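In what follows, a structure is listed as structure tokens, so that the remarks can point back to it.
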Protein chains: 2
Amino acid sequence: MIDVRCLCLGVLSLGETTGYEVRKRLKAYFGPYQGVSYGALYPALAKLLAAGEVVATGSPDAQTLEKRTYAITEKGRESLRSSLVQAKGQEQVRSEFMAAMFFADQLEKDVLDRLIDERLAELRGDLALFQGFRGSPATEGQRFVSRFGQVLCRAAIDFLQGEGRAIVSALDRDRQR
Amino acid sequence: MIDVRCLCLGVLSLGETTGYEVRKRLKAYFGPYQGVSYGALYPALAKLLAAGEVVATGSPDAQTLEKRTYAITEKGRESLRSSLVQAKGQEQVRSEFMAAMFFADQLEKDVLDRLIDERLAELRGDLALFQGFRGSPATEGQRFVSRFGQVLCRAAIDFLQGEGRAIVSALDRDRQR
DNA sequence: GTTTACATGTAAGCTGTTACATGATTAC
DNA sequence: GTAATCATGTAACAGCTTACATGTAAAC
């Protein structure tokens, strides 16, 4: 399974950095496809540290909140590899948007338009993000995710601007009668 | 927020049925975009029952595991509407596939091919599911989700079969040298 | 007759989010 | 000097999954 620990190892496999940066890079790399909160991140890093899969600068037992740099170890690389090999081609999606739109008939047109606008705004943000590291894809894997992300964002944007909006308008026209 | 409770109300707003059926319909309606386990479903229905948002056949306090039919109440419809209106156009995705592919450079070609094959199999299943209720879209909302789902599945399948596979092949060729 | 699908529910536990507490450094 | 961003971490809690326990009805 790909969990927070594994994602941290993945980011650190591309270079050592701070916990704060790990989260930022995760966002930059995967956009909407993976996200972590600090409440998940730091405990995960602590476990990795205890397991010897990463090492960190700074005193290991200090409570001083000093800045620490984490680096992956050989053991961590092995652990990452074994997680990646076991990964399944699965995806878990939880879409508020799809759920709400499914019940479109129970909602007013302005609510539906707002939902589509919000979704479009998110998608445009994601698209920009994926285009962002198009110029500097350090690895082929990064290029793959960047390209795939762009393709999916564009398909979604096109649908919502065209057919999606049209379905909503048609629904509203029907209701006027 | 669209949670399990809200999804149950949504399904029941289209007709009364059993808990078991609610889960099946959820899968049929949303495919990969929403999913619930029984461990989440039945407690949610129990809460809805306690809140008077649904009513059920069968004795309310029986431990006999008898078959029960749930139906939404007027209060439930109001609750559903207010949840839907508050919904945001957001999506939470957790993609094992994207995460693993991002680190493609650390994986062998056969692992990458297997990942793509698995993803394609899932996508084809999802596509069939969305096409499935194309013939009988009871509401415009259902049609919207069905059409959007088809568009996104097709875009993903096309990418993986073409450019996606090509990136992996190119990566492998580079490694041979 | 026996397997498969239908059907309801509980309990333990994992994972992650939200909110909080704290402080350093940089930019304006 | 002060606002924003960088930076680390904890604690309470929510939510869901997995596994379990139990039984019926239909199909073959």
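Within every chain, numbering begins at 1; the chains are lettered A, B, ... in the order of the sequence lines, protein sequences first and strands thereafter. None of the values given here were measured: they were computed from a predicted structure. Below, each value reflects all heavy atoms present in this structure, side chains not excepted, and no hydrogens, waters or symmetry copies.
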* Are the side chain of T69(A) and the backbone of T57(A) linked by a donor-acceptor contact shorter than 3.5 Å? -> no
* Tell me whether the centres of the aromatic rings in F159(A) and F144(B) are closer together than 6.0 Å. => yes
Salt bridge or not between [X] and [Y]? Use side-chain N to carboxylate O under 4.0 Å.
X	Y	result
R165(B)	D117(B)	yes
R119(B)	E96(B)	no
E140(A)	R143(A)	yes

* To do: Please name all residues satisfying side-chain hydrogen bond (donor to acceptor under 3.5 Å, both in side chains) with R175(A), sequence neighbours left out, ordered by chain then number.
  => none
* To the side chain of R94(A), which of dG9(D), dG9(C), dC16(D) is closest? -> dC16(D)
* Mind calculating the distance between CD (E66(B)) and P (dG9(C)) to the nearest angstrom? => 8 Å
Which atom pairs link the protein and nucleotides 24-26 of chain C when you take only N or O atoms and keep those under 3.5 Å?
none

* How about S146(A) and Q150(A): does a side-chain donor come under 3.5 Å of a side-chain acceptor? -> yes
* **Sugar-phosphate, base or nothing in reach of G39(B), heavy atoms under 4.0 Å** => base
* Structure fact -> Contacts of G19(B) and S37(A) projected onto DNA chain C by closest heavy atom; the upstream (5') one is G19(B)
Between the protein and nucleotides 2-6 of chain D, which nitrogen or oxygen pairs come in under 3.5 angstrom?
residue, atom, partner, partner atom, Å
dC6(D), OP1, K24(A), NZ, 3.4
dC6(D), OP2, Y20(A), OH, 2.9

* Side-chain heavy-atom pair T139(B), F103(A) within 4.5 angstrom cut-off -> no
